[in-house]
Chemist: 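Below: one structure in structure tokens.
Computed over heavy atoms, backbone and side chain alike; hydrogens, waters and symmetry mates excluded.
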Amino acid sequence: QLQLVDSGGGLVQAGGSLRLSCAASGRTFSTYTMTWFRRAPGKEREFVAVIDNSGTISRYKDSVKGRFTISRDNAKNTVYLQMNSLKPDDTAVYYCAANSYYKLGGPHDYWGLGTQVTVSS
């Protein structure tokens, strides 16, 4: 069992930065692939970034490449999403998710409750 708590969202002006955190409970965090998703108002949930259990492999949605960085600290049971050069289109609720094997998007084993990110123009 893994419980995920997302945090770090807020209101920021376009061009600004935020760092999201996802703290996990459970001793097996280091075995899980971690993913960030987001859901914008009126839109479907979409994949943002993924990192494998060791932190070696990461992938990003095309529109965030070069602006967002996913990382993890297995000693702290935490995954991060550093978001720079934010745009109004990045406005969404951001969710972290954990899966027992590496995958891009789709259903995951565990989900956080989400944290709101609002980017003003």
Chemist: Pair Arg67, Tyr60 - check side-chain contact (heavy atoms from CB on, under 4.5 Å), show working.
Modeler: CA-CA 10 Å; Arg67 300 188 298 122; Tyr60 298 89; over 6 Å; no

Chemist: Contact between Val79 and Ile70 at the side-chain level, heavy atoms closer than 4.5 Å - yes or no?
Modeler: yes

Chemist: Between Val64 and Val12, is there a shared hydrophobic cluster once you connect ILVMFWY residues whose side-chain heavy atoms come closer than 4.5 Å?
Modeler: yes

Chemist: Has the side chain of Arg72 got a donor or acceptor atom that lies under 3.5 Å from a matching backbone atom of Gly55?
Modeler: no

Chemist: With heavy-atom distances below 4.5 Å as the criterion, would you say the side chains of Asp90 and Met83 are in contact?
Modeler: no

Chemist: Measure the OH-CG distance between Tyr32 and Leu2 for me, rounded to the nearest 0.5 Å.
Modeler: 5.5 Å

Chemist: Looking only at atom types and distance, does a side-chain atom of Asp52 sit under 3.5 Å from a main-chain N or O of Ile57, one as donor and one as acceptor?
Modeler: yes

Chemist: Please report the shortest heavy-atom distance between Arg38 and Ser63, naming the atom on each side.
Modeler: NH2-OG, 3.8 Å

Chemist: Locate the shortest heavy-atom distance separating Thr91 from Val119; write the atom from each residue and the value.
Modeler: OG1-N, 2.9 Å

Chemist: Between Asn77 (side chain) and Ala23 (backbone), is there a donor-acceptor pair under 3.5 Å?
Modeler: no

Chemist: Within the 4.5 Å heavy-atom criterion, are Thr35 and Tyr95 side-chain neighbours or not?
Modeler: no

Chemist: Side chains of Tyr80 and Asp73: closer than 4.5 Å at any heavy-atom pair?
Modeler: yes

Chemist: Is there a side-chain contact between Arg59 and Tyr102, using heavy atoms and a 4.5 Å cut-off?
Modeler: yes

Chemist: What's the shortest heavy-atom distance between Ser85 and Ser17, and which atoms?
Modeler: N-OG, 4.3 Å

Chemist: Does the side chain of His108 come within less than 4.5 Å of Val50's, by heavy atoms?
Modeler: no

Chemist: Do Leu4 and Met34 come close enough that some side-chain heavy atom pair is under 4.5 Å?
Modeler: yes

Chemist: Aromatic rings Phe68 and Tyr94: how do their planes relate, parallel, tilted or perpendicular, breaks at 30° and 60°?
Modeler: tilted

Chemist: For the side-chain hydrogen bond (donor to acceptor under 3.5 Å, both in side chains) test, which of Asp109, Thr33, Thr31 pairs with Ser100?
Modeler: Asp109

